[in-house]
Amino acid sequence: MANIRIWLKYDGTDFHGYQIQKNGITVQELIEKAIEKITGVKTGVIGCSRTDAGVHAHMYAANFHSDTKIPDNKLPVALNTALPDTIRVYKAERVSDEFHATFSAVEKTYEYTIDTNEIADPFLKRYAWHYNYYVNPERMKAGACHLVGKHDFTAFMASGGQAKTTVRTVKNIEITEKNKVITIKITADGFLYNMVRIIAGTLVYCGAGKLEPADVKRMLEAKDRREGGITAPPEGLKLVSVIYEE
């Protein structure tokens, strides 16, 4: 039985996240139904990240086991016929039996977008947090520098997280601004539950003057979620890259 990795992208607005839930349509549920419809066999699908409701993915990896005879280059087209337009599979490939979409990942990159214009751009409504206040990107960068490196990110994990360890290594945080739209790009070896959204909310508050950049260091050292910043809304977040060591 082959271990097949698929690469996909999706607009998460209409879904209750990636992982299957009892109440609400999810990306995983629809992918598993599509695979069953195309191959005739029900199988579980492992995703690279448990994205929340409303969160998007520009580059998402998943794997499943199947005896399908459909060639790799034909499988994406076949699956897309059974998926909504907001989910597209664009590549499929056989991988080693040891490959696991979640545990084999060595690096992920997320982007968070904030629209700080007074009047929200309707074309960003589904993909950005509309925060119509002045935000200084330089203050955000000053706060972000405390997060780069290997740290205990307990203060930046929402309740309900089940990670065995709260230590993560943030490799880079890049903050850019164009036409009052700010993008936070974060690369790390892994992320805790809601970690990127909490970092985004904290840095926006730094930029708006509601927090001092030095407060970010204090939050890390406190290792207490109550000391952390707010959790930014989900629509501004998207997974843009996942890297595997192969």
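In this text, all values refer to a predicted model and were calculated from it rather than measured experimentally.
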Given side chains that start at C-beta, do those of Phe15 and Leu30 come closer than 4.5 Å, heavy atoms only?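 A side-chain contact under 4.5 Å exists here.
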
Thr39 side chain near Ser66 side chain, heavy-atom distance below 4.5 Å: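 Yes. Closest side-chain heavy atoms under 4.5 Å.
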
Taking all non-hydrogen atoms of both residues, which atom of [X] and which atom of [Y] are closest, and how far apart?
{"X": "Ala101", "Y": "Ala62", "result": "CB-CA, 3.9 Å"}
{"X": "Tyr112", "Y": "Pro233", "result": "OH-O, 2.6 Å"}
{"X": "His146", "Y": "Val216", "result": "CB-CG1, 4.1 Å"}
{"X": "Gly44", "Y": "Phe64", "result": "O-CB, 3.4 Å"}
{"X": "Ile87", "Y": "Leu8", "result": "CG2-CD1, 4.1 Å"}
{"X": "Val240", "Y": "Met59", "result": "O-CB, 3.3 Å"}

Should Asp152 and Thr166 be marked as a side-chain hydrogen bond (donor to acceptor under 3.5 Å, both in side chains) after you check the CA-CA gap, both sets of side-chain angles, and the distance that decides it? CA-CA 5 Å; Asp152 185 330; Thr166 51; 2.8 Å; yes

Is any NZ, NE, NH1 or NH2 atom of the basic residue among [X] and [Y] found under 4.0 Å from an Asp or Glu carboxylate oxygen of the other?
{"X": "Glu221", "Y": "Arg218", "answer": "no"}
{"X": "Arg126", "Y": "Asp14", "answer": "yes"}
{"X": "Lys42", "Y": "Glu36", "answer": "no"}

[X] side chain to [Y] backbone, donor-acceptor under 3.5 Å:
{"X": "Asp189", "Y": "Thr169", "result": "yes"}
{"X": "Thr86", "Y": "Asp11", "result": "no"}
{"X": "Tyr60", "Y": "Ser49", "result": "yes"}
{"X": "Gln28", "Y": "Ile20", "result": "yes"}
{"X": "Asn3", "Y": "Ser96", "result": "yes"}
{"X": "His16", "Y": "Thr26", "result": "no"}
{"X": "Asn179", "Y": "Val181", "result": "no"}
{"X": "Lys108", "Y": "Cys48", "result": "yes"}
{"X": "Arg197", "Y": "Ala232", "result": "yes"}

Parallel, tilted or perpendicular for His100 and Phe103, by the 30°/60° rule?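 The rings of His100 and Phe103 lie parallel, inter-plane angle below 30°.
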
Working for side-chain contact (heavy atoms from CB on, under 4.5 Å), residues Ile31 and Ile6: CA-CA 10 Å; Ile31 293 173; Ile6 55 175; 4.1 Å; yes

Among the clusters formed by ILVMFWY side chains lying less than 4.5 Å apart, do Tyr131 and Ile230 turn up in the same one?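 Yes, one cluster joins them.
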
Run the side-chain contact (heavy atoms from CB on, under 4.5 Å) check on Ile114 and Val135 step by step: do they pass? CA-CA 10 Å; Ile114 309 104; Val135 176; 5.6 Å; no

Which residues, ordered by chain and number, are linked to Val106 in its hydrophobic cluster, where ILVMFWY side chains connect at heavy-atom gaps below 4.5 Å, directly or through other members?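 Once heavy-atom contacts under 4.5 Å are chained together, Val106 belongs with Ile243.
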
Tyr90 six-ring centre to Lys9 NZ/CZ under 6.0 Å and within 45° of normal: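 The answer is yes, since Lys9 meets both limits relative to Tyr90.
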
